[in-house]
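Here the structure is laid out as structure tokens; the discussion comes afterwards.
Heavy-atom basis, side chains included; hydrogens, waters and symmetry copies ignored.
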Amino acid sequence: MAFFFPSTIGRVATGAILSLIAACAFSSSGVGSAKPVARDSVAAVDILNRVTWGVNVSTLEQAEALGMKRYMAQQLHPEQARLPAPIQAQINAMTITQRPLDQLARQMELRRKESETVANDEDKKIAQQGYQRELNRLAREAATRFLLRSLYSQNQLQEQMTWFWMNHFNVHQGKHNLRAMVGDYEESAMRAHALGKFRDLLVASAHHPAMLRYLDNDQNSATRINENYARELMELHTLGVDGGYSQSDVQELARILTGVGINLGPDAQVRPELLAQYVHRGLFEFNPNRHDYGDKQFLGQVVRGRGLAELDVALDRLSRHPATAHFVSRKLAMFLVADEPPAALVARMADTFLHSDGDIAATLQTLFDSPEFVASLGRQFKDPLHYVVSAVRLAYDNKPIRNAGPMLNWLNRMGEPLYGHASPDGYPMLETAWASPGQMTNRFDVAKAIGSGSAGLFKDDGAKVREQAAFPQLANALYFQSLQTRLGAATRSALDQAGSPQEWNTFLLCAPESMYR
């Protein structure tokens with residue numbers, strides 16, 4: 001696989017272009033095949049490039065001040081995240097920050113219903129378009145908030161794991177009113193449990209209206225069984241497709257899940273004898289009128305028909321199953337070690353997972369302590385999100401951006417928009433999914449926009465006045481002390497022939513070494 005650079009390279013010597021393209025010819029046996037190195041010779045920057053969204057001066061200084069052992073412990077067990085004041089101010093001003101999900105979703109539902117009752121066709125169209133624009137705005141807020149935290153939070157591992165779990169428990173924002181829900185789903189279900197116990201994470205997902213609506217469990221009732229969520233809960237969220245469950249288990253889990261859904265209105269009318277079973281918290285509802293109270297045979301054991309408590313029993317079995325330990329550990333290793341992680345590492349992680357009752361931080365500690373992790377550093381291809389965030393972090397460090405719009409646009413162009421994967425399996429983690437010539441062309445364009453200072457990151461969203469030219473200074477101490485030594489001869493030759501600082505920045509950001517973490 002090779003990079004293809006468009007003719008917009010500008011006034012760069014032909015030799016430099018050829019050198020860089022030669023450097024950018026790579027495959028799984030290219031940049032990613034560096035010889036394993038001993039732990040005591042691995043520089044902090046190599047670990048940080050994997051554990052964080054991308055190394056920069058501030059992160060390196062933080063790690064060096066604490067020492068890598070303490071830094072890693074802090075990442076695995078983070079305190080309350082601290083953000084630069086201008087970034088926190090942007091987040092605080094967002095509607096999704098200021099308003100609880102139940103209020104926001106009910107307001108949007110009222111607006112939707114009102115738009116449908118407008119008599120005049122033209123006015124009705126305008127009202128419905130306004131409703132859709134507001135949903136789009138809320139989803140954009142959620143995506144912007146995520147990017148700001150990924151760029152500036154000191155809890156970098158927590159932010160990476162938030163995205164990992166969002167992808168693992170994937171929902172698609174395009175369905176119904178999920179654009180109003182994805183921000184809370186990410187915040188209260190994923191981020192809150194990203195480094196905690198897997199069972200808590202699983203429970204949070206299973207009770208969140210975004211998941212219940214996305215996989216149609218709000219339509220699941222004793223009189224009309226819907227198996228969508230039950231199937232994905234086992235195949236994608238816990239046991240894995242080869243986890244040993246049967247179609248009968250899918251059907252029985254779907255029966256357990258009957259009545260588990262959403263209610264955006266007042267309490268439902270429940271039969272008096274079932275009233276004590278009724279649950280309505282926020283938007284979540286368990287409606288006993290809709291539940292199948294018969295006993296179920298799930299994963300080889302009986303689940304007595306007793307209402308919502310059945311779901312707790314099922315989630316206990318799923319979260320503590322050996323197949324879940326292996327499936328989740330392998331996905332974590334794919335994310336943080338290799339597309340095909342070593343089986344021995346996965347087995348050790350699964351053992352930790354089981355013996356710690358699904359402690360995600362403990363499982364990751366086993367991964368980070370492994371020789372396989374050390375050997376993999378610098379060899380894992382960046383998906384578009386990792387590429388974009390790492391490039392902006394390296395270029396601008398803690399300088400607060402004012403407009404995440406360009407980053408969102410880049411992700412759209414490269415096929416990985418946040419909350420945009422339609423099917424429940426989430427975005428692929430493999431290099432082969434992202435290393436196409438078209439992908440490389442888009443990455444060059446991103447590198448050029450960032451490297452030249454023309455990306456638009458520092459103009460207010462919607463402003464017509466262009467930002468002041470402020471290209472990053474990538475030829476800095478971090479580069480000369482750490483990054484330079486990791487560049488191949490062809491990349492260094494191309495950098496030497498760059499005709500301006502902006503072109504030098506572009507070459508560094510689109511070099512093959514910048515494609516791996």
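- Put simply, NE2 on H326 and OG1 on T324 are 11.5 Å apart, with the number rounded to the nearest 0.5 Å.
- For the residue pair R413 and N442, a side-chain donor N or O sits within less than 3.5 Å of a side-chain acceptor on the partner.
- Residue F353 holds its CZ atom at 6.5 Å from OG of S329, rounded to the nearest 0.5 Å.
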Does the side chain to side chain contact (heavy atoms under 4.5 Å, CB included) test come out yes or no for I450 and N505, once each step is laid out? CA-CA 8 Å; I450 295 173; N505 291 340; over 6 Å; no

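- Annotation: side chain of K382 is not in contact with side chain of M515 (no heavy-atom distance under 4.5 Å).
- You'll find the side chain of I47 reaches within 4.5 Å of the side chain of M72, heavy atoms only.
- In this structure, the ring of W165 has its center no less than 6.0 angstrom from the ring center of Y185.
- A side-chain donor from one of S423 and D425 sits under 3.5 Å from a side-chain acceptor of the other.
- Between F381 and Y516, the angle of the ring planes goes over 60°, which puts this pair in the perpendicular group of the 30/60° scheme.
- When only modelled atom types and interatomic distance are considered, E159 and N155 share no side-chain donor-acceptor pair under 3.5 Å.
- The closest side-chain donor-acceptor pair between R393 and S150, if any, does not fall under 3.5 angstrom.
- Within the 4.5 Å cutoff, side-chain heavy atoms of N56 are placed close to those of T59.
- Distance check: Q365 CD to L195 CG gives 11.5 Å after rounding to the nearest 0.5 Å.
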Report the C-alpha distance between N92 and Q88 in whole Å, list the side-chain angles of each, state the deciding distance to 0.1 Å, and finish with yes or no for side-chain hydrogen bond (donor to acceptor under 3.5 Å, both in side chains). CA-CA 6 Å; N92 290 345; Q88 189 62 59; 2.9 Å; yes

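- Annotation: the span from L83 atom CG to I91 atom CD1 amounts to 5.0 Å, rounded to 0.5 Å.
- Looking at heavy atoms from C-beta onward, Y427 lies in side-chain contact with P417 at the 4.5 angstrom threshold.
- Under the ring pair (Phe, Tyr, Trp, His ring centres under 6.0 Å) rule, F169 has a single partner from H208, H237, H193, H421, which is H237.
- Q484 CD: more than 12 foreign heavy atoms inside a 6.0 Å radius.
- Between the side chains of S376 and R50, a donor-acceptor pair is found at a separation under 3.5 Å.
- Side-chain polar atoms of D496 and S493 form no donor-acceptor pair below 3.5 angstrom.
- More than 12 non-hydrogen atoms from other residues, nucleotides or ligands lie less than 6.0 angstrom from CD of Q98.
- No donor-acceptor contact under 3.5 angstrom links the side chains of Q380 and H386, judged on distance only.
- Of the charged side-chain nitrogens involved, at least one lies within less than 4.0 Å of a carboxylate oxygen, so that E187 and R149 count as a salt-bridged pair.
- Between L457 and I401, the shortest heavy-atom contact is O-CB, 3.5 Å.
- No side-chain donor from either of Q128 and R112 sits under 3.5 Å from a side-chain acceptor of the other.
- Note that CD1 of I96 and CG of L104 are 8.5 Å apart. Values are rounded to the nearest 0.5 Å.
- Judged by the 6.0 Å distance and 45° axis criteria, R443 is positioned over the aromatic ring of Y387.
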I would like to know whether R191 and M166 meet side chain to side chain contact (heavy atoms under 4.5 Å, CB included); could you show each step before the answer? CA-CA 9 Å; R191 182 174 284 103; M166 280 292 288; over 6 Å; no

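- For the pair S58 and N398, the tightest heavy-atom approach, listed with the atom from each and the gap, is OG-ND2, 3.1 Å.
- At least one side-chain heavy atom of L201 sits under 4.5 Å from a side-chain heavy atom of I360.
- The pair R492-E513 does not count as a salt bridge, with every side-chain nitrogen at least 4.0 angstrom from each carboxylate oxygen.
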Show the numbers, then the answer: is there a side chain to side chain contact (heavy atoms under 4.5 Å, CB included) between W410 and M414? CA-CA 6 Å; W410 296 332; M414 288 189 277; 4.2 Å; yes

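- Here the shortest heavy-atom pairing between S390 and G54 reads CB-CA, 3.9 Å.
- If you run side chain to side chain contact (heavy atoms under 4.5 Å, CB included) between P424 and each of V171, N228, L233, L236, only L236 comes through.
- Contact between A511 and T491 at its shortest, heavy atoms only, is CB-CG2, 3.6 Å.
- Between L151 and W53, every side-chain heavy-atom pair lies at or beyond the 4.5 Å cut-off.
- Of the N and O atoms on the side chains of T95 and R137, at least one donor lies less than 3.5 Å from an acceptor on the other residue.
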Go through it in stages, so that I can follow the logic: the residues are K175 and D216, the test is side chain to side chain contact (heavy atoms under 4.5 Å, CB included), and I'd like the CA-CA distance, side-chain angles, deciding distance and then a yes or no. CA-CA 10 Å; K175 187 166 185 176; D216 303 316; 2.5 Å; yes

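- In this structure, the side chains of R99 and Q107 come closer than 4.5 Å at one or more pairs of heavy atoms.
- Side-chain atoms of F368 and V51, non-hydrogen and from C-beta on, do get closer than 4.5 Å to each other.
- Both the sub-6.0 Å distance and the 45° axial angle are not jointly satisfied by R145 relative to the ring of Y152.
- In summary, the side chains of R82 and Q154 do present a donor paired with an acceptor at a separation below 3.5 Å, with no hydrogens or angles considered.
- Atoms CZ and CG, on R330 and L345 in that order, are 11.0 Å from each other to the nearest 0.5 Å.
- Residue L508 comes nearest to L495 through the heavy atom pair N-CD2, 3.7 Å, listed as atom of the first residue, atom of the second, then distance.
- Taking both residues in full, the closest heavy atoms of A63 and Y71 are given as CA-CD1, 3.7 Å, listed atom of the first, atom of the second, then distance.
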